[in-house]
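Structure first, then comments.
One-based numbering, in listed order, for ligands and for the atoms of each. Position 1 is the first residue of the sequence, and the numbers go up from there. Keep in mind it's a predicted model, so treat the numbers as computed, not measured.
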Amino acid sequence: MKFDYRAKSARRGFTLIEAALATIIVGTGVLAAVELFGVCAKQNMHGTHSTVAIMLSTNVQEAMGLLSFRDPQLGGATFGPETGETLASYDDLDDFNNLTLSPPIDANRQPIAELGQYSQLITVRPVYPNQLSSNSNDASPTISTSTDTGAMRVRVRVMYRPSPNVPAEEVFERSWVRLDR
Ligand SMILES: [Ca+2]
Ligand SMILES: [Ca+2]
């Protein structure tokens with residue numbers, strides 16, 4: 001009796017179903033990896049924006065750190081910059097009110113051209129020193145800028161605009177209160 005060994009020893013190929021299943025399994029894995037990569041890239045970008053925005057808000061805080069509460073020459077008569085003052089010569093807190101800096105500045109008030117997609121929006125508002133949360137809505141002030149409360153809140157909002165034709169988004173906000181003393 002003769003056996004035909006060829007049929008047994010021949011390597012069996014993949015069936016269509018197996019091949020299809022393998023394609024689906026590999027495909028699903030690749031898709032998941034691509035999705036994960038997308039999420040990671042997005043998170044990474046968000047992290048970078050936050051880090052830059054925190055630095056830019058610190059720059060403003062440092063740039064305004066040593067300013068007088070009122071104008072050294074003219075006192076508190078004008079809320080905002082006194083006549084002839086520019087960013088380089090601003091010498092009291094309220095000179096920075098309603099200022100938009102784009103490109104943003106460093107702590108020495110120099111523009112950082114490389115970060116032109118970011119901007120710093122600064123507001124300065126009087127607050128009651130015994131109620132530091134007062135007058136906290138910039139859009140609807142409850143204390144007039146001519147009221148001398150003896151305290152002011154400075155708020156910096158750092159905005160990011162990926163391209164000129166999309167609206168800027170707020171990335172980070174920081175505020176602090178300065179007392180007149
Ligand atoms: Ca001034
Ligand atoms: Ca002023």
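The closest side-chain heavy-atom distance from Leu56 to Phe172 is not below 4.5 Å.
Take the N/O/S atoms of Asp94: the one nearest the Ca ion (ligand 2) is OD1. Restricting Asp71 to its N, O or S atoms, the one at the least distance from the Ca ion (ligand 1) is OD1. Atom OD1 is the N/O/S atom of Asp95 found closest to the Ca ion (ligand 2). Taking the N/O/S atoms of Asp91 in turn, the shortest distance to the Ca ion (ligand 1) belongs to OD1.
Remark: Arg157 does not engage Asp138 in a salt bridge, criterion side-chain N to carboxylate O under 4.0 Å.
Between Tyr160 and His49, the ring-plane angle classifies as tilted under the 30° and 60° cut-offs.
Counting heavy-atom neighbours within 6.0 Å of Gln61 CD, excluding the residue itself, gives a total above 12.
For residue Phe79, no N/O/S atom approaches the Ca ion (ligand 2) to within less than 3.0 Å.
For Asp92 atom OD1 and Glu82 atom OE1, the angle they make at the Ca ion (ligand 2) is roughly 70°, to 10 degrees.
Considering all non-hydrogen atoms of both residues, Pro104 and Gln120 come closest at CA-OE1, 3.1 Å.
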